[in-house]
Asks: 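Could you have a look at this structure, given as structure tokens, before my questions?
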Amino acid sequence: MNAPIGIIGGSGLYRMEGLSLDRTELVQTPFGAPSGPVHLGQLDGAPVAFLARHGEGHRFTPSEVNYRANLWALKSLGVERLISVSAVGSLQARHKPGELRLVGQFIDKTRQRKDTFFGEGLVAHVSFAEPVCAHATAALLKAGQSLSIPIEDGVTYVCMEGPAFSTRAESRLHQSWGADLIGMTQVTEARLAREAELCYACIALVTDYDAWREEEEGVDAASVLEVMHANVDKAQRLLRKVVPQLSCSPRSCACGEALKAALFTAPEAVTEDARKRLDLLVAKYGYGGR
Ligand SMILES: CSC[C@H]1O[C@H](OP(=O)(O)O)[C@H](O)[C@@H]1O
Ligand SMILES: Nc1ncnc2[nH]cnc12
């Protein structure tokens with residue numbers, strides 16, 4: 001059975017609590033291997049596909065994660081809506097460690113990522129002004145409120161390359177931009193989700209105050225994981241509330257048509273190679289080549 005809802009777990013979320021496992025799939029994609037097997041099963045009766053972003057045992061840095069293969073694998077298993085969980089640093093005092101936030105905007109500071117499926121024979125330019133699915137994000141907000149979990153939506157996430165954390169000067173610069181959170185993974189996933197016509201929503205779990213607070217020493221990975229472990233149940237509860245709701249509400253947003261006005265290459269100029277490689281994404285627009 002296909003899974004219309006996908007969950008990507010980040011640092012500290014390597015398995016989905018409550019998932020009754022039906023099978024695991026190690027998907028091969030035109031973009032290489034995903035971070036690991038996709039776990040398919042039921043979450044409180046709703047079919048779900050779960051993937052650990054950094055691989056089992058957390059083996060890939062944010063720059064090494066094969067985001068294209070991850071998104072491709074999930075799409076090929078029928079995922080239409082993707083909810084991501086990400087550990088983040090706070091750039092503003094009101095976002096406190098242990099709290100959940102829903103991302104609305106990104107600032108992209110990444111430098112060495114494959115962050116598009118396109119190129120090499122087929123050009124596409126998707127709209128990205130609104131980088132997350134408003135419908136899925138609103139469902140998460142409502143679910144959080146109904147569970148009395150303090151939550152705020154519409155926050156801005158700076159995505160840095162890493163893997164080292166920011167210097168104090170960088171942290172203060174990001175803060176002066178008015179950004180709310182910092183992490184190393186989400187903008188890349190969101191771009192690819194848009195190109196794959198998936199709804200994308202990001203649950204950010206605040207784990208630290210990054211490096212801008214004079215009175216603190218700065219971030220370290222061990223304390224990020226400690227805070228994540230102490231609070232990950234909030235993200236899991238939120239997922240268990242929202243997934244069954246989303247799975248019985250049909251998509252009413254434009255995410256599923258993101259490529260409609262984006263494909264730029266004249267059909268007769270698209271190479272056979274590109275048609276074959278991108279069949280899963282573009283066959284519906286008459287560019288397929290299986
Ligand atoms: C372990 S701290 C840094 C690490 O945590 C975040 O990962 P994810 O977004 O996958 O939860 C951050 O982006 C870094 O990759
Ligand atoms: N302060 C921070 N900077 C970048 N990524 C993070 N992930 C968790 N905390 C972070």
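Note that ligands are numbered from 1 as they come in the structure, with each ligand's atoms numbered from 1 the same way.
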Asks: Checking a contact table here: which protein heavy atom is nearest atom 5 (N) of ligand 2, and how many Å away?
Replies: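 Checking every protein heavy atom, the shortest distance to atom 5 (N) of ligand 2 gives Gly183 CA, 3.4 Å.
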Asks: Under 4.0 Å from a heavy atom of Asp210: give me the atoms of ligand 2 that qualify, with their elements.
Replies: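 Close to Asp210: 1 (N), 2 (C), 3 (N).
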Asks: Against Asp180, only a single residue in His95, Gln105, Gln175 fulfils side-chain hydrogen bond (donor to acceptor under 3.5 Å, both in side chains); can you say which?
Replies: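 The residue from His95, Gln105, Gln175 that satisfies side-chain hydrogen bond (donor to acceptor under 3.5 Å, both in side chains) with Asp180 turns out to be His95.
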Asks: Kindly state each residue pair satisfying ring-ring contact (aromatic ring centres under 6.0 Å, His included) with at least one member in residues 126-173, sequence neighbours excluded.
Replies: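 Qualifying pairs, neighbours excluded: Phe106-Tyr157.
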Asks: Write down the atom of Met160, the atom of Ile182, and the distance for their closest heavy-atom approach.
Replies: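 The pair with the smallest heavy-atom distance is SD-CD1, 3.6 Å.
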Asks: Of the protein's non-hydrogen atoms, which lies at the shortest distance from atom 7 (N) of ligand 2, and what is that distance?
Replies: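 Looking only at protein heavy atoms, the one closest to atom 7 (N) of ligand 2 is Ala87 O, 3.2 Å.
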Asks: Kindly tell me which protein residues have any non-hydrogen atom under 4.0 angstrom away from an atom of ligand 1, grouped by chain and ordered by number?
Replies: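 Residues within 4.0 Å of ligand 1: Gly10, Ser11, Arg53, His54, Pro62, Ser86, Ala87, Phe165, Gly183, Met184, Thr185, Val224.
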Asks: Could you identify the single nearest non-hydrogen protein atom to atom 10 (C) of ligand 2 and state the distance to 0.1 Å?
Replies: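 Atom 10 (C) of ligand 2 sits closest to the protein heavy atom Gly89 N, 3.4 Å.
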Asks: For Tyr14, which of His229, His39, His58 qualifies under ring-ring contact (aromatic ring centres under 6.0 Å, His included)?
Replies: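 Filter result, single survivor: His58.
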Asks: Check this for me: does any side-chain nitrogen of one of Glu170 and Lys109 sit under 4.0 Å from a carboxylate oxygen of the other?
Replies: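 No.
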Asks: Atoms of ligand 2 less than 4.0 Å from Val219 heavy atoms?
Replies: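 Listed by number with element: 1 (N).
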Asks: Have a look at Met184, His174, Gln186, Glu161 and point out the one with the heavy atom closest to atom 4 (C) of ligand 2.
Replies: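 The option holding the nearest heavy atom is Met184.
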Asks: Which residue owns the protein heavy atom closest to atom 8 (C) of ligand 2, what's the atom, and how far is it?
Replies: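 Of the protein heavy atoms, Thr207 OG1, 3.4 Å lies nearest.
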Asks: Could Lys284 and Glu197 be called an ion pair, given the rule that one side-chain N must be under 4.0 Å from one carboxylate O?
Replies: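 Looking at Glu197 together with Lys284, the answer is yes, because their closest N to O distance falls below 4.0 Å.
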Asks: Give a yes or no answer on whether the side chain of Ser90 reaches the backbone of Lys96 with a donor-acceptor pair at less than 3.5 Å.
Replies: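 Side chain of Ser90 to backbone of Lys96, a donor-acceptor pair under 3.5 Å: no, none is there.
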Asks: Which residue, Asp108, Val126, Thr116, forms the side-chain contact (heavy atoms from CB on, under 4.5 Å) with Arg191?
Replies: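 Among the candidates, only Asp108 passes.
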Asks: Less than 4.0 angstrom from a charged side-chain N to a carboxylate O is my criterion; do Arg172 and Glu214 meet it?
Replies: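 Glu214 and Arg172: salt-bridged.
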Asks: Applying a heavy-atom cut-off of 4.0 Å, say which part of Asp208 lies close to ligand 2: side chain, backbone, both or neither.
Replies: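 Side chain only.
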Asks: Taking atom CG of Leu281 and atom OH of Tyr287, what is their separation to the nearest 0.5 Å?
Replies: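 Answer rounded to 0.5 Å: 13.0 Å.
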